[in-house]
Amino acid sequence: MFIYNVTINITHDVHEDWLDWMKHVHIPDVLKTGCFIEAKIHEVMYVEDEGKTYSVQYKFQSIEDIEKYQKDFAPGLQKEHSERYKDKYATFRTLLRQVD
């Protein structure tokens with residue numbers, strides 16, 4: 001099992017809109033690609049950054065799944081996010097492999 005982890009810091013002024021959009025639009029759109037089997041969003045606690053920080057974790061079964069997502073779907077979905085929240089966030093992505 002693998003996890004595609006997206007950590008994002010979002011400014012306070014758009015935080016509530018962003019969280020609602022992630023829950024009701026973006027995450028469902030990512031899951032509709034068929035590349036992931038589930039998604040969870042977690043608030044990162046005790047971070048001294050400006051804004052709020054979240055970890056969005058998408059579970060997938062094979063490296064081919066993430067490769068297909070990154071090739072066929074990620075550019076468009078990430079562009080939509082970037083245009084909607086331009087200059088209001090910072091993000092980084094990691095791939096994790098479950099070892100137990």
Side-chain angles (χ1 to χ4, degrees):
M1 187 72 60
F2 299 91
I3 295 173
Y4 174 51
N5 181 76
V6 180
T7 303
I8 186 163
N9 178 268
I10 189 82
T11 60
H12 286 291
D13 61 324
V14 297
H15 164 258
E16 289 181 24
D17 177 75
W18 176 86
L19 189 57
D20 183 68
W21 183 78
M22 288 295 289
K23 289 178 180 178
H24 297 103
V25 178
H26 186 74
I27 291 173
D29 286 348
V30 171
L31 292 175
K32 285 178 198 170
T33 68
C35 298
F36 302 99
I37 55 177
E38 75 172 335
K40 296 190 182 219
I41 187 166
H42 307 272
E43 182 178 353
V44 178
M45 305 289 293
Y46 308 113
V47 176
E48 295 188 25
D49 292 336
E50 295 293 322
K52 295 269 218 175
T53 301
Y54 290 89
S55 168
V56 184
Q57 298 184 344
Y58 302 94
K59 283 190 179 179
F60 63 100
Q61 300 223 12
S62 72
I63 292 300
E64 290 79 19
D65 292 330
I66 193 66
E67 289 172 346
K68 179 175 178 53
Y69 174 75
Q70 290 175 327
K71 179 182 172 220
D72 297 340
F73 303 104
L77 290 165
Q78 290 172 5
K79 181 180 179 191
E80 184 179 357
H81 182 277
S82 295
E83 289 174 352
R84 185 175 176 101
Y85 298 103
K86 184 178 179 171
D87 300 326
K88 299 289 185 174
Y89 73 96
T91 189
F92 68 91
R93 296 166 179 84
T94 52
L95 292 178
L96 308 172
R97 180 175 53 91
Q98 187 172 325
V99 293
D100 61 354

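Below, all heavy atoms of this structure are taken into account, side chains as well, without hydrogens, waters or symmetry copies.
No salt bridge links Asp65 with Lys68; every basic N to acidic carboxylate O contact stays at or beyond 4.0 Å.
Under the side chain to side chain contact (heavy atoms under 4.5 Å, CB included) test applied with Val56, the options His26, His42, Arg93, Met22 reduce to a single match, Met22.
In terms of modelled atom types and a separation under 3.5 Å, the side chain of Thr91 and the main chain of Thr7 share a donor-acceptor contact. Using a distance-only test at 3.5 Å, with no hydrogens or angles considered, a donor-acceptor pair links the side chain of His24 to the main chain of Asp20.
Under the 4.5 Å side-chain contact rule for hydrophobic residues, Val25 and Ile8 share a cluster. Side-chain heavy atoms closer than 4.5 Å link hydrophobic residues (I, L, V, M, F, W, Y) into clusters, and following such links, even through other members, never connects Val30 to Met1. No continuous path of hydrophobic side-chain contacts links Ile63 to Ile3 [ILVMFWY only; heavy atoms under 4.5 Å].
Looking only at side-chain heavy atoms (C-beta outward), Glu83 and Lys79 come within less than 4.5 Å of each other. Under the 4.5 Å side-chain criterion, counting only non-hydrogen atoms from C-beta, Lys88 is in contact with Asp13. Counting heavy atoms from C-beta on, the side chains of Tyr58 and Val6 come closer than 4.5 Å. Residues Phe60 and Ile37 fail the side-chain proximity criterion, which asks for heavy atoms closer than 4.5 Å. Taking 4.5 Å as the limit, every side-chain heavy atom of Thr53 sits out of range of all side-chain heavy atoms of Met45.
Rounded to the nearest 0.5 Å, atoms CG (Asn5) and CG (Leu95) are 9.0 Å apart. Note that the OG atom of Ser62 and the CZ atom of Phe2 stand 7.5 Å from one another [nearest 0.5 Å]. In this structure, CG in Asp100 is found 5.0 Å from CD in Gln98, a value given to the nearest 0.5 Å. Separating the CD1 atom in Ile10 from the CD atom in Glu16 is a distance of 12.0 Å, to the nearest 0.5 Å. Of the inter-residue distances, the one linking Thr33 atom OG1 with Leu77 atom CG reads 7.5 Å to the nearest 0.5 angstrom. In this structure, His12 NE2 and Trp18 CH2 are separated by 13.0 Å, a value rounded to the nearest 0.5 Å.
Aromatic ring centres of Tyr69 and Phe36 lie closer together than 6.0 Å.
Checked against side chain to side chain donor-acceptor pair (under 3.5 Å), Tyr89 has the following partners two or more places apart in sequence or in another chain: Ser82. Residues satisfying the side chain to side chain contact (heavy atoms under 4.5 Å, CB included) test with Glu38, not counting sequence neighbours, are Lys40, Lys59.
Few gaps surround CD on Glu67; more than 12 heavy atoms of other groups in view lie less than 6.0 Å from it.
Counted by atom type alone, Tyr54 and Asn9 present zero donor-acceptor pairs between their side chains at under 3.5 Å. There is no side-chain donor-acceptor pair under 3.5 Å between His81 and Trp21.
Summarising the geometry of Val44 relative to Ser55, their closest heavy-atom pair is CG2-N, 4.0 Å, with the distance given to 0.1 Å.
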